[in-house]
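Okay, here's the structure, questions in a sec.
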2 protein chains.
Amino acid sequence: MAIDCGTCPLRELELFAPIKAEELEFMKSFKTGELRAEQGTEILAEGASSTQLYTALSGMGIRYKTMPDGRRQVVGFVLPGDFVGLQSGVMGEMQHSVEATTAMKLCVFNRSDFWRLFESQPQRAFDLTHLAAREEQLLGEALVTVGQMNGIARVAWALYRFYQRLKALELIENGRVPLPYRQQDLADAVGLSLVHTNKTLTRLREAGVATWQDDALVVHKEVELARLGNVEPGSISARPLI
Amino acid sequence: MAIDCGTCPLRELELFAPIKAEELEFMKSFKTGELRAEQGTEILAEGASSTQLYTALSGMGIRYKTMPDGRRQVVGFVLPGDFVGLQSGVMGEMQHSVEATTAMKLCVFNRSDFWRLFESQPQRAFDLTHLAAREEQLLGEALVTVGQMNGIARVAWALYRFYQRLKALELIENGRVPLPYRQQDLADAVGLSLVHTNKTLTRLREAGVATWQDDALVVHKEVELARLGNVEPGSISARPLI
DNA sequence: CGGTACATTGAGGCAAGTCAAGTTGAGTGG
DNA sequence: CCACTCAACTTGACTTGCCTCAATGTACCG
């Protein structure tokens, strides 16, 4: 178990803003270990007050809320570099659950050290707030999409956002990005039924825009996909990595 | 223009967590003035990088995103005590616009002092992150509602949340809370058409659950409204006031 | 007293939901 | 190596909640 944040491969990506040596030093003391979560494991539970917070290192997860009647709304997808458990850290309780969709490796922090971060590392505290504001931004965009767009636009939006994020993580190979989710996950994320989501994916595939099969997404017409999803094409701006 | 945060009437509400004298002292130096916004004024614009941040003191506003085709998604309602402009302060750019629905009075802060807050007031920085996490929570709940619920549940959810928030602000009088928005605002918030929203409000009124007329909301069956909106009845937990 | 803004109501159409029946592929075990 | 199971994906047929269009009502205002 390597607690060497200095060689963390994620930090080398352009996606993540560089940090000072002193901050890196602090992060080493903040990090208390690594967690390996198997596929299907629940990492954080809605309503629970976890003593641990995480940054995803590898693998993919899903954030969701469950309704009384069993239905589910996916509120986000966890990719490497994402911070998990901020609500728990700051408000004492998670408002959604987080589950490992694939096997995951996560960097573990203690909630009890959280305050120390704010006290002694203002830049890191700022970064944390930055991440919180980003989450808010992402959710706001999801709300716009689900609230205002029709089926094809919703699916296109989700696929294009996946494509952008995974490309920024340099997980793209031969034009394919890994996308190990189920259609049901996408359906629950965009507020469509599974059947309609499936038919919409078929339409996108037959239109030659994008193909999502065998846990991988291939975008054939990037600009067209972005247009359908009402997203500005382009890459994602740099952001902090906790 | 009174820059005396010590006598700020909002602080006396139970809704807002008390702060230390030293923090209050800092807030006085952080506050640079007050802004009066007339009805209909745009306080912050989507995509703009404002040099000012605000806390609403009185009046009500609306947060929204505009789509290329002119449609609008309301991402939140600004009530007294709400912090406005966090995204701008931390990411440099607003992701949604904020408009004054009624005349408003706002506490003004300079973005350039923002960093000073993180450096010298870790508790206030923590509180700010807390607020950001709350925004995230609220948006997550809105996403669940718009993504999974039918018309009546969406409208009931929105009305009950208004009722809870306004009650916590002690703006309730004779069982009525002020609600100076238009039906179109509610429609754009819950992702329904104006016509359908209107018909749904009529149904709620005729069922004797809640009546929203003349800029005021009267909830006749509180528990029933909460049930319809899939909300836990009860009051809102305390939160920081910046 | 026409103009404007918002609320209300009816009629008809369609996007998306539900139901139901396969198909496919991976795993498992006899 | 084939039969069986199970989870995920497909596809077709039917239904409906919500949308759009279009009028009308109502209050306020210059």
Side-chain angles (χ1 to χ4, degrees), chain A residues 38-40 60 62 67 69-74 99 101-102 145-159 178-207 210-218 228, chain B residues 38-40 60 62 67 69-74 99 101-102 145-159 178-207 210-218 228:
Chain A
E38 282 179 42
Q39 185 181 109
M60 302 190 192
I62 196 164
M67 331 264 320
D69 66 357
R71 277 178 314 173
R72 191 178 71 143
Q73 173 71 40
V74 169
E99 187 181 305
T101 301
T102 67
T145 303
V146 172
Q148 304 296 329
M149 319 260 235
N150 61 19
I152 198 121
R154 295 192 208 181
V155 170
W157 169 77
L159 292 185
L179 202 59
Y181 297 97
R182 293 171 301 138
Q183 291 186 358
Q184 184 71 63
D185 296 329
L186 177 60
D188 290 344
V190 298
L192 294 176
S193 70
L194 170 62
V195 172
H196 197 66
T197 302
N198 177 289
K199 286 173 180 167
T200 307
L201 284 168
T202 304
R203 279 212 280 157
L204 280 175
R205 187 177 346 111
E206 287 176 350
T211 303
W212 175 27
Q213 269 167 348
D214 302 322
D215 293 348
L217 169 69
V218 183
L228 285 171
Chain B
E38 283 178 41
Q39 184 179 110
M60 301 189 192
I62 195 164
M67 331 263 322
D69 66 358
R71 276 178 315 173
R72 192 178 70 141
Q73 172 70 39
V74 169
E99 188 181 304
T101 301
T102 66
T145 303
V146 172
Q148 304 295 329
M149 318 260 236
N150 62 18
I152 198 118
R154 295 192 209 182
V155 170
W157 169 79
L159 292 185
L179 202 59
Y181 297 97
R182 294 171 300 138
Q183 291 188 359
Q184 184 71 65
D185 296 328
L186 177 60
D188 289 345
V190 298
L192 294 176
S193 70
L194 170 61
V195 171
H196 197 67
T197 302
N198 178 290
K199 288 173 179 168
T200 305
L201 284 169
T202 304
R203 280 212 280 158
L204 281 174
R205 185 175 350 105
E206 288 177 350
T211 304
W212 175 27
Q213 268 167 349
D214 303 321
D215 293 348
L217 169 68
V218 182
L228 286 172

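Hydrogens, waters and symmetry mates are skipped; everything else that's a heavy atom, side chains included, is used. Naming: A, B, ... by sequence-line order, numbering from 1 per chain.
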Report task. Please name the pair of heavy atoms, one in B:Trp212 and one in B:Tyr181, separated by the smallest distance, quoted to 0.1 Å. Result ->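 Taking B:Trp212 first and B:Tyr181 second, the nearest heavy atoms are CZ2-O, 3.1 Å.
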Query raised in the report: What are the residues of residues 183-193 of chain A, sorted by number, that bring a heavy atom to within less than 4.0 Å of DNA chain C?
Result: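 Correct list: A:Gly191, A:Leu192, A:Ser193.
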Report task. Establish, with yes or no, whether the OP1 or OP2 oxygen of D:dT10 is under 4.0 angstrom from a side-chain nitrogen or oxygen of A:Asn198. Result ->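 Result: yes.
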Requested in this report: Could you check how far CG of B:Leu204 sits from P of C:dT8, rounded to whole Å?
Outcome: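 So the two atoms are 13 Å apart, to the nearest Å.
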Query - Interatomic distance where CE belongs to A:Met149 and C1' belongs to D:dC19 [whole Å] - result: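 It is 17 Å, rounded to the nearest whole Å.
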Report task. Kindly give the heavy-atom pair with the smallest separation between B:Ala189 and B:Val146, and that separation in Å. Result ->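 Nearest heavy atoms, B:Ala189 then B:Val146: O-CG2, 3.9 Å.
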Query - Non-hydrogen atoms of A:Ala153 and A:Met149 that approach each other most closely - result: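 So the two residues come closest at CB-CB, 3.7 Å.
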Query raised in the report: Under the salt bridge (Lys or Arg N to Asp or Glu O under 4.0 Å) criterion, do B:Arg72 and B:Asp185 qualify, and how do the steps go?
Result: CA-CA 9 Å; B:Arg72 192 178 70 141; B:Asp185 296 328; 2.7 Å; yes
Requested in this report: Round to a whole Å and report the spacing from CG of A:Leu194 to C1' of D:dT10.
Outcome: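 Rounded to the whole Å, the gap is 10 Å.
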Requested in this report: Tell whether B:Lys199 reaches the base of D:dG17 with its side chain through a donor-acceptor pair below 3.5 angstrom.
Outcome: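 In this structure, the two groups form no donor-acceptor pair.
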**Report entry** Residue that, paired with B:Leu192, satisfies side chain to side chain contact (heavy atoms under 4.5 Å, CB included) out of B:Leu194, B:Val190, B:Asp188
**Finding:**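 By the side chain to side chain contact (heavy atoms under 4.5 Å, CB included) criterion, B:Leu192 pairs with just one of B:Leu194, B:Val190, B:Asp188: B:Val190.
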Query - Rounded distance (Å) that lies between atom P of C:dA16 and atom CG of B:Asn150 - result: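 So the CG-P distance, B:Asn150 to C:dA16, works out to 17 Å.
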Query raised in the report: Should we count CD of B:Glu38 as having more than 12 external heavy atoms under 6.0 Å?
Result: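 At most 12 heavy atoms, drawn from other residues, nucleotides or ligands, come within 6.0 Å of this atom.
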Report task. Mind checking A:Arg154 for me? I need base, sugar-phosphate or nothing, with any heavy atom below 4.0 Å counting as a touch. Result ->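 Nothing, no nucleic acid heavy atom in range.
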Query raised in the report: Rounding to a whole Å, what distance do you find between A:Trp212:CH2 and D:dA8:C1'?
Result: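 Result: 11 Å.
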Query raised in the report: Given D:dC18, is OP1 or OP2 found less than 4.0 Å from the side-chain N or O atoms of B:Arg203?
Result: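 For D:dC18, OP1/OP2 do not have a side-chain N/O of B:Arg203 under 4.0 Å.
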Query raised in the report: Rounded to the nearest Å, what distance is computed from the NE2 atom of residue B:His196 to the P atom of nucleotide D:dC21?
Result: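 It is 17 Å, rounded to the nearest whole Å.
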Query raised in the report: Any side-chain N or O of B:Arg71 under 4.0 Å from OP1/OP2 of D:dC19?
Result: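 Result: no.
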